[in-house]
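Here is the structure we will look at.
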Amino acid sequence: MQVLKFGGTSVGSVENMKQVRDIIDTRAPKIVVLSAMSGTTNALVQIADATQMGEIATAYELVGELQKHYDDVLENLYTNDKIRAKVRGYVDEIFSSLENLTRSTEYTQAVTDEFVSKGELLSTYIFAHYLQQEGVSTALLPALEFMRIDKENEPDTYYIRQNLNRVIEDTGDADIYITQGFICRNYAGQISNLQRGGSDYTATIVGAAIQASEVQIWTDIDGFHNNDPRFVAETHAIPELSYDEAAELAYFGAKILHPQTVQPLREDNIPLHLKNTMDKDAKGSIITHRAQGEGIKAIAAKDGITALKIKSGRMLQAHGFLSSVFEIFQRYETSIDMITTSEIAVSLTIDNISNLQAIEDELSQFAQVTVDKEQTIICLVGHNISSDQNTHKLFQILKDVNVRMISYGGSNNNISLLVATEDKQRALELLQNYVFTQVVSA
Ligand code: ADP
Ligand code: ASP
Ligand code: MG
């Protein structure tokens, strides 16, 4: 069985839903994972924020605006009045539950999680009934009955496999099974989610659970590009990537994939195909074990990075200094992305700053600490990049941009640079130029 995931834009309008209907052929059974319609999760986050701040009137108004949008979708998507009326009943129920949530007296994370879970419930119900109207044999698989994360917020793979298979069996035969991306329950059974962009992750978790022949992620671009198309012109799709390359790029900011997406597929060697809903015949990108080509293949950037320089007069020939430093980060469950050392200092980066103050206080007991916020890691990925003869071109960047840290040689497929976020756009453009169009000025 194949698993196909369609993102927010792909189901974001009546026109695009019709495209999706054309892509899903019924020759073989499939599980289709859907995101919320584009803009919905952002709107729900806004409503949750307003509720949390006690701005009930604003929250209520935003719910009304969102409902109007859905009314238009129902009006234009369905030709069958009976199906439209049934869907309207469901959509109305969801919106009254949203209105009730805006009146939550005690605000907790669980309230936000419940707010944002509604987007995928809406899109899947609406789309499943559209397919039924079009004569496709369709059934809904409720994600909240099988998707679960454990205490570490990792997918509970055993539970998911058991329960997904049970839900499919209970549901009975259908050509197309539709389920919600992103949403799940936590270990305590409360509604939760796989973090923003998490529908990609749902698709690969489901793919591994049913041992799919392939997972396809359909989005609004023709595959994995060699640089971030939101910041750099003239990027292009890469036909083939390895799991390692894709994982590294996704982790370091390539928005096309949720950071954890490839991990569930790796072990079983299930291919991941990235495709464009708006141009279904474009080849897209295929991600497998195979590492193809040599040298730098793609560049990604991750914002929201904090750099710490930890300097100790006593580091000179002092063993134990690094382990004392790392022990603190371990205790505060804060992972380190980049690290460089010199004889008297170590510089490292983190993205989770929830325990920064406590970490700083502890480090200050034996070292001088400098903290720089608003940093960006730029990550260059490819096969055998450290030994590739063209890699030196990337160092041209040093004369144009202030590079705070470089990590080279940590692995054979990654080089990372740390720059101030304000220099990111320029750095990405220059790297595109130096690395891919090979214009190296004297
Ligand atoms: P979806 O809603 O389908 O999940 P996303 O917006 O999450 O879509 O991801 C697709 C977007 O990712 C593209 O429109 C593009 O702007 C952005 N993007 C960032 N980096 C890359 C990259 N390296 N390759 C392709 N797209 C990228
Ligand atoms: N709807 C969720 C989000 O906007 C999940 C996703 O689109 O993948 O983050
Ligand atoms: Mg996405």
Side-chain angles (χ1 to χ4, degrees), residues 4-13 16-17 19-20 23 32-46 48 66 112-113 115-124 143 147 179-184 192-206 215-239 241 245-261 272 274-279 282 284-285 287 296-303 378-382 424-425 428 431-432 436:
L4 276 63
K5 176 258 171 175
F6 293 88
T9 322
S10 304
V11 291
S13 65
N16 290 356
M17 281 198 218
Q19 302 264 32
V20 174
I23 290 166
V32 170
V33 176
L34 299 183
S35 295
M37 296 180 74
S38 53
T40 299
T41 309
N42 284 347
L44 292 169
V45 168
Q46 244 188 322
L66 191 60
T112 299
D113 290 347
F115 266 120
V116 300
S117 71
K118 305 294 184 189
E120 274 69 15
L121 293 173
L122 285 166
S123 64
T124 46
M147 282 299 288
T179 192
Q180 298 82 23
F182 178 59
I183 61 174
C184 61
S192 185
N193 61 63
L194 302 174
Q195 308 296 322
R196 296 304 304 270
S199 299
D200 300 330
Y201 197 21
T202 302
T204 56
I205 293 168
V206 167
V215 176
Q216 298 177 357
I217 290 185
W218 290 80
T219 182
D220 57 3
I221 191 163
D222 59 344
F224 213 121
H225 277 222
N226 65 343
N227 205 330
D228 194 324
R230 294 167 299 173
F231 297 98
V232 178
E234 293 178 25
T235 60
H236 63 78
I238 308 164
L241 288 105
E245 289 164 349
E248 202 111 46
L249 290 162
Y251 181 76
F252 285 111
K255 188 184 173 239
I256 186 165
L257 290 183
H258 177 281
Q260 324 285 354
T261 307
L272 175 62
L274 307 184
K275 297 277 289 175
N276 188 354
T277 304
M278 321 306 156
D279 182 7
S285 302
I287 300 167
I296 298 167
K297 202 182 269 184
I299 302 172
K302 182 177 176 182
D303 295 335
I378 297 185
C379 168
L380 298 99
V381 161
K424 162 177 128 171
Q425 167 104 32
L428 286 176
L431 285 168
Q432 179 78 7
F436 297 122

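Indexing begins at 1, ligand by ligand and atom by atom, following the structure's order. Any value given below was found using the heavy atoms of this structure, including those in side chains, with hydrogens, waters and symmetry copies removed.
Summary of contacts: the protein heavy atom closest to atom 6 (C) of ligand 2 is Ser199 OG, 3.3 Å. When hydrogens are left out, the protein atom nearest atom 11 (C) of ligand 1 is Asp220 OD1, 3.9 Å; that is the closest non-hydrogen contact. Considering only non-hydrogen protein atoms, atom 16 (O) of ligand 1 sits nearest to Arg230 CG, 3.3 Å. Among protein heavy atoms, the minimum distance from atom 3 (C) of ligand 2 is reached at Arg196 NE, 3.3 Å. Closest protein heavy atom to atom 7 (O) of ligand 1: Lys255 O, 3.6 Å. Among protein heavy atoms, the minimum distance from atom 23 (N) of ligand 1 is reached at His225 O, 3.2 Å. Looking at atom 4 (O) of ligand 1, its nearest protein heavy atom turns out to be Lys5 NZ, 3.1 Å. In this structure, atom 1 (P) of ligand 1 lies nearest to the protein heavy atom Thr219 OG1, 3.6 Å. Of the protein's heavy atoms, Ile256 CB, 3.6 Å lies nearest to atom 26 (N) of ligand 1.
Ser285 places no side-chain N or O within donor-acceptor distance of the main-chain N or O of Leu274, the cut-off being under 3.5 Å. Checked by atom type and distance alone, the side chain of Asp220 never pairs as donor or acceptor with a backbone atom of Thr9 at under 3.5 Å.
The closest side-chain heavy-atom distance from Thr112 to Val45 is not below 4.5 Å. At least one side-chain heavy atom of Phe436 sits less than 4.5 Å from a side-chain heavy atom of Ile299. Trp218 is not listed as a side-chain neighbour of Lys5, based on a closest heavy-atom distance of 4.5 Å or more. Residues Val381 and Glu248 have side chains in contact (heavy-atom distance under 4.5 Å, counting atoms from C-beta outward). Inter-residue side-chain proximity for Thr179 and Thr124 is flagged as unmet; no heavy-atom pair is nearer than 4.5 Å.
The shortest separation from a heavy atom of Asn227 to ligand 1 is under 4.0 Å, placing the residue in contact. Residue Gly198 places a heavy atom under 4.0 Å from ligand 2. For the ligand labelled ligand 2, residue Gly119 lies outside the 4.0 Å heavy-atom shell.
The shortest heavy-atom contact between Lys424 and Ile378 is O-CD1, 4.4 Å.
For atom 18 (N) of ligand 1, the choice among Ala237, Pro229, Ala301 with the nearest heavy atom turns out to be Pro229. Distances from atom 2 (O) of ligand 1 to the heavy atoms of Gly223, Ala254, Gly8 put Gly8 nearest.
Counting heavy atoms closer than 4.0 Å to ligand 2, residue Glu120 contributes side-chain atoms (C-beta onward) but none from N, CA, C or O. Residue-level proximity to ligand 2 for Ser35 is carried by the side chain, the only part with a heavy atom below 4.0 angstrom.
Per-residue contacts place Thr41 under 4.0 angstrom from the following atoms of ligand 2 (heavy atoms of the residue considered): 1 (N), 2 (C), 3 (C), 4 (O). Taking every non-hydrogen atom of Gly7 and a distance limit under 4.0 Å, the qualifying atoms of ligand 1 come out as 1 (P), 2 (O), 3 (O). Taking every non-hydrogen atom of Phe224 and a distance limit under 4.0 Å, the qualifying atoms of ligand 1 come out as 23 (N), 24 (N).
Distances between N or O atoms of Gln195 and those of ligand 2 include no value under 3.5 Å. At under 3.5 Å, not a single nitrogen or oxygen of Phe182, backbone or side chain, sits near a nitrogen or oxygen of ligand 2.
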Intermediate values then yes/no, side-chain contact (heavy atoms from CB on, under 4.5 Å), Leu272 and Thr261: CA-CA 9 Å; Leu272 175 62; Thr261 307; 4.2 Å; yes
Verdict with reasoning, Leu257 to Tyr201, per side-chain contact (heavy atoms from CB on, under 4.5 Å): CA-CA 8 Å; Leu257 290 183; Tyr201 197 21; over 6 Å; no
Audit row: Met147, Leu194, side-chain contact (heavy atoms from CB on, under 4.5 Å) steps and yes/no: CA-CA 10 Å; Met147 282 299 288; Leu194 302 174; 3.9 Å; yes
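In the model, Gln19 has no side-chain atom that pairs as donor or acceptor with a side-chain atom of Thr277 under 3.5 Å.
From Glu245, atom CD reaches atom CD1 of Ile238 across 8.0 Å, with rounding to the nearest 0.5 Å.
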